[in-house]
Structure formats: C-alpha cells, structure tokens
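Excluded from the calculations below are hydrogen atoms, water molecules and symmetry mates; all remaining heavy atoms, backbone and side chain alike, are included.
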Amino acid sequence: MATQIVMDHSGDTRHEFDPENAEALARAERRFRELTGLGFTAAVRTAPGEVTRIRSFDPTAEETLFYPRLVGG
Amino acid sequence: MISVFRLGAPARARLHALRELYRRFFGENTPDARGRRLLSEWLSPAQRAQFEQYRYFDVVGSDTGKRYRIHYGTAANVHEVNDAGIATMGWCFVPSGFLVPGDVMLAQKIALETDERAALALANRFPPATHSEHFYRRPF
C-alpha cells in the first residue's frame, strides 16, 4: 500500500491506495494534481531524514507528503 | 464483605487499566501528538535525537549550506545559527492554515533542505533575541 499524507488542522489526513490498482492509482494522481494545483508542496523520503520535492506524481512512491503553501510569518 | 472486597479489587484494577488505555489513546491521537509523530518519522536519526533532547533540531540550507535551528513552535521559530550554535538571525515563514507545531516544523525543514532561497525569499526576518531559550523549552 502507498500513502498520501496531507497536513491539516487535525495533524494530517492519510489516503492509502494500492499502487497495483489502476483505478486507485488514477485517483491518487488526481489528488496529487488537485493538491499541488492548490499550492501544496509534495515531497517524498529518499532516505531516513532525506527529503526530495516532487513536481509530478510518482507512482512508485510509498509515501508522499503534502504541506500547504508557505507564507511569511 | 471481605469476599466482595477481594472480588472488587481486580475489577478496580481492570477499570484503572482501561482508563489509562483511554487516556493514552486519546492523548496520543490529538492533532498535536499526531504532528509530533509525523515530524519524528521524517527527521534524520541525528535530528530526531536532537529534537528529543532539546526540542529543536538543525537543518542545512540547500543553497548556502548555512545552518538553521528549528525550534518547537508555529511562528518565529527558525533561527540561522553560526558554527558556535549562536543565533544570528531569525526567519519567520510558515505553511498557511492552522497547523500544529510538528507539521509546521516539518514543512520548514523540507523547505530549507530542498529550496532554501525560495523559503527565505518569502520569510520575514527578526532579531534572534526576540525569544529566549526558556520560551522554546516549555514542555510539550
């Protein structure tokens, strides 16, 4: 199972999907496009503590993290 | 009467254990606790150890190689630090919306480690003495 983790007021919301299931994969890709379209940044872990941003959907990613657009505080 | 008391003790123990279980379950499923857990999962082992001990962790900027210290908090919690670990500048940038400290800190870590210039371009600077170490070391 793969997981898309979306930061929100509850801590995070997790969307799990089976990457072997074409329909589930398509839903996950659609969610990716919607979130990044709203300004969310997507990132994946490449090693413990090492993170890479991704700008297009990675169907092989076990975990993709989304956080909202950054603003000056 | 004595037998009732003896029978009651295990029941009270079970009730106490059940209460403790509920307390822990709900305590560890608050947004704040979930945010801290997510942050911990995404930190490097060294960052995690530092955070558990000091409630802050250091990251290295992707563009300049400068070191930043991210303190537990949701605003004005990022300091640029020198080789001696002394704060030289404060940087304030946060994800939009109402996120818990763990989430904010994780977003700040990713931003600085992957696109430092963009993060600093939108950040507001502040003098590092604005908050004391005492401020950041309040318990969770």
**Q** For atom CD of A:Glu63, decide whether the heavy atoms of other residues, nucleotides or ligands shown that lie under 6.0 angstrom number more than 12.
**A** yes
**Q** B:Leu106 vs A:Tyr67, test: side chain to side chain contact (heavy atoms under 4.5 Å, CB included). Steps then yes/no.
**A** CA-CA 9 Å; B:Leu106 180 53; A:Tyr67 63 83; over 6 Å; no
**Q** What part of B:Leu122 gets within 4.5 angstrom of chain A, counting heavy atoms only: side chain, backbone, both, or neither?
**A** both
**Q** Does the pair B:Lys109/A:Glu50 count as a salt bridge with the N-to-O cut at 4.0 Å?
**A** no
**Q** How close do B:Asn124 and A:Gly72 get, heavy atom to heavy atom, and via which atoms?
**A** ND2-C, 3.8 Å
**Q** What part of A:Leu65 is in contact with chain B, defined as an atom under 4.5 angstrom from a non-hydrogen atom: side chain, backbone, both or neither?
**A** both
**Q** Under 4.5 Å heavy-atom distance to chain A, tell me which part of B:Gln108 shows up: side chain, backbone, both or neither.
**A** neither
**Q** Which of the residues B:Ala121, B:Pro31, B:Gly97, B:Ala111 is involved in the greatest number of heavy-atom pairs with chain A at under 4.5 angstrom?
**A** B:Pro31
**Q** Return the CG to CZ distance between B:Asp115 and A:Arg53, rounded to the nearest 0.5 Å.
**A** 4.5 Å
**Q** Can you name the nearest heavy-atom pair linking B:Pro95 to A:Pro68, along with the distance?
**A** CB-O, 3.8 Å
**Q** Does B:Thr114 form a side chain to side chain contact (heavy atoms under 4.5 Å, CB included) with A:Thr52? I'd like the steps, not just the answer.
**A** CA-CA 7 Å; B:Thr114 63; A:Thr52 302; 5.8 Å; no
**Q** Within residues 21-40 of chain A, which residues come under 4.5 Å of chain B, heavy atom to heavy atom?
**A** none
**Q** Answer yes or no: does atom CZ of A:Arg14 have more than 12 heavy-atom neighbours from other residues, nucleotides or ligands under 6.0 Å?
**A** yes
